[in-house]
Amino acid sequence: MIKEVQLGSNEFDIQLILYYLALLIVGWITIFSTSYNPTAEDFFNLGNAYTRQLIFMGSSFIIAILILLMKGQYYSYMAYPVYLFCLLLMILVIFIGTEINGAHAWIKIGNFSIQPTEFCKFGMALALAKFFSEGKTAQEKRNKWITAFGMIAVPVFIIMLQKDMGSALVFFSFIFLFYRIGLTGWVLVVGGTAAALFLFTLYTKEIYAFALVTAIFIVFWILNRKNRKKLVRNAVIYVVAIIFITAANWSYNSMLEPHQKERIDILLGKVNDPQGKGYNLNQSKIAIGSGGFFGKGYRNGTQTKLNFVPEQHTDFIFCGIGEEWGFVGSLVICALFVGLILRILKLSERQRDPFVKYYGYGIAGIIFFHFFINIGMTIGLLPIIGIPLPLISYGGSSLWAFTIMLFVFIKLDYR
């Protein structure tokens, strides 16, 4: 079995390219199925989503070829400038951007729109890889996690000003890179506990959350009553938990947009309105469930063809896959993503250059986060936050950004 293409004395990894092409093809035929209009007079009319996606795909191939022709060392040299340029673009969006679906995150150029946030993920991956691969003084090593989290906090703050909470959350996918580099696993434990406490507070009431952490504190106080150091530590954790519970309710009521609060309420079961606030999620689950084991067949999906599912060729494109190809087809798509991510991780581990290794882990985390969140929100396991399924969902910015991410890694691995 041929796994790689020989070029000179080095090799491009053909497996990654095949995963890329497979997902791209699946995306286009699904977009064609879910957005096809039999009354359309011209297949190549720019009013058709599938026609525009073909243009995005063609331009993506050109971008990929240009990346493979460039010298690999340029990406390390340009890491910080690319990161700063992306930040400037995102700041520019705040002043001249266009609002789409509640997010002020797009720059409109004619009939097309560009979302700089998508490219900032690539810039962030480059910058963090450069930062962690550089030699550091003793003081810089002590402060490296503060600096790294600060580098992430800047674009997250800008994106929150654009009211695009979903894209802001994607930047926390770099925690997987941090963990690989040496961040203590307790950070993940604390983060998971905080998320669970946040949801519990919203699902019940503040008083019940206070009662829960107080009961846990009393149990640990009894167990550690003879150890003064642990008692002080437990007291500090208890105070922080009380403050966090109070902040959770405040942030939910003050910082989130009404539609974002509605999505969380629907996920937690606090609101049951399948014809109103819960319409998107309800139709999504109906479409996927109706596909059964083998699906209804290509272009035979009634939920998607009759436009019951909103955003069916963008954020909810997995509904079309589930309805037309069923459980088997959905499993194949998941296997393609898992294979892609595992291949990136495997190639990252074999790198001698730390910059390439860290960059690989960074983009693997981004792809995994998009894949996990997008499918999770369409089946009702996670709140709807509006992020695309990589290489499959319709959209030029997303496709170009993921093409750049992936082919820069292929080029770096080749080098």
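Nothing fancy with the numbering, it's 1 onward along the sequence.
We find the CZ-CD1 distance between F12 and I410 to be 8.5 Å, quoted to the nearest 0.5 Å. F56 CZ to T51 OG1: the interatomic distance, rounded to the nearest 0.5 Å, is 11.0 Å. Atom CD1 of residue I158 and atom CG of residue L89 lie 10.5 Å apart, to the nearest 0.5 angstrom. Taken from CG in L21 to CG in L336, the straight-line distance is 11.5 Å, to the nearest 0.5 Å. Note that CG of L389 and CD1 of I333 are 8.0 Å apart. Values are rounded to the nearest 0.5 Å. Taking OH from Y208 and CD1 from I245, the interatomic distance works out to 14.0 Å, rounded to the nearest 0.5 Å.
A distance-only check finds no donor-acceptor pair linking the side chain of N48 to the backbone of Y50 [under 3.5 Å]. Although no hydrogens or angles enter the test, the distance criterion places a donor-acceptor pair under 3.5 Å between the side chain of Q162 and the main chain of M90. At least one donor-acceptor pair under 3.5 Å links the side chain of S397 to the backbone N or O of Q115. Remark: side-chain polar atoms of S76 are not paired, donor with acceptor, to backbone N or O of Q73 under 3.5 angstrom. Checking side-chain atoms of T246 against main-chain N and O of I242 turns up a donor-acceptor pair under 3.5 Å. In this structure a side-chain-to-backbone donor-acceptor pair under 3.5 Å is present from Q53 to G395. D13 places a side-chain N or O within donor-acceptor distance of the main-chain N or O of L16, the cut-off being under 3.5 Å. The backbone N or O of L68 lies less than 3.5 Å from a partner atom in the side chain of K411, making a donor-acceptor pair. No side-chain donor-acceptor contact under 3.5 Å links Y19 to the backbone of R343.
The shortest side-chain heavy-atom distance between F402 and I363 does not fall under the 4.5 Å cut-off. F176 has its side chain out of reach of Y361: every pair of non-hydrogen atoms, C-beta onward, lies at least 4.5 Å apart. Side chains of I67 and Y75 form a contact here, defined as non-hydrogen atoms less than 4.5 Å apart. With contacts defined as side-chain heavy-atom distances shorter than 4.5 Å, the pair Q15/K346 does not qualify. Counting heavy atoms from C-beta outward, F171 and I159 have side chains that approach closer than 4.5 Å. Contact annotation: the side chain of Q351 never approaches that of L412 to less than 4.5 Å [non-hydrogen atoms, C-beta and beyond]. Proximity of L212 to I216: side-chain heavy atoms (C-beta onward) are separated by under 4.5 Å at one or more points. Two residues are said to be in side-chain contact when any heavy atoms from C-beta on lie closer than 4.5 Å; M405 and K121 meet this criterion.
Within 6.0 Å of atom CZ in F157, 12 or fewer heavy atoms from other residues, nucleotides or ligands are found, so the atom counts as exposed in its surroundings. Few gaps surround CZ on F61; more than 12 heavy atoms of other groups in view lie less than 6.0 Å from it. Around the CZ atom of F244, the shell of radius 6.0 Å holds more than 12 heavy atoms that belong to other residues, nucleotides or ligands. Enclosure of atom CZ in F210 by more than 12 non-hydrogen atoms of other residues, nucleotides or ligands within 6.0 angstrom is indicated.
Between F149 and W145, the distance from one ring center to the other does not fall under 6.0 angstrom.
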side-chain contact (heavy atoms from CB on, under 4.5 Å), that's the test. Do C334 and I375 meet it? Break it down for me.
CA-CA 9 Å; C334 291; I375 294 180; 3.9 Å; yes
Would V170 and T117 satisfy side-chain contact (heavy atoms from CB on, under 4.5 Å), going step by step from the backbone distance to the final call?
CA-CA 10 Å; V170 172; T117 302; over 6 Å; no
Mind running side-chain contact (heavy atoms from CB on, under 4.5 Å) on T30 and E324 for me, showing each step along the way?
CA-CA 9 Å; T30 306; E324 295 185 353; 5.7 Å; no
Would you sort out whether I152 and L128 count as a side-chain contact (heavy atoms from CB on, under 4.5 Å), showing the intermediate values?
CA-CA 9 Å; I152 293 177; L128 287 174; 4.2 Å; yes
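Heavy-atom minimum distance, I367 versus I344: CD1-CD1, 3.9 Å. For the pair P390 and F371, the tightest heavy-atom approach, listed with the atom from each and the gap, is CD-N, 4.1 Å. Scanning all heavy atoms of the two residues, the minimum distance from S173 to F369 falls at CB-CB, 3.7 Å. Of all heavy-atom pairs spanning F178 and F132, the tightest one is CE2-CE1, 3.5 Å. Of all the heavy atoms in I387 and S167, the pair that sits closest is CG2-N, 4.2 Å. Listed here is the closest heavy atom pair of S60 and L399: OG-CG, 3.3 Å.
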Side-chain donor-acceptor distances from residues 80-88 under 3.5 Å, at least two apart:
from: Y80; atom 1: OH; to: F131; atom 2: N; distance (Å): 3.4
from: Y80; atom 1: OH; to: E134; atom 2: OE1; distance (Å): 3.0
from: Y83; atom 1: OH; to: M151; atom 2: O; distance (Å): 2.6

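Qualifying ring-ring contact (aromatic ring centres under 6.0 Å, His included) partners for Y20, counting only residues two or more places apart in sequence or in other chains: F407.
F372 and F368 have parallel rings, their planes meeting at less than 30° on a 0 to 90° scale where 60° marks the start of perpendicular.
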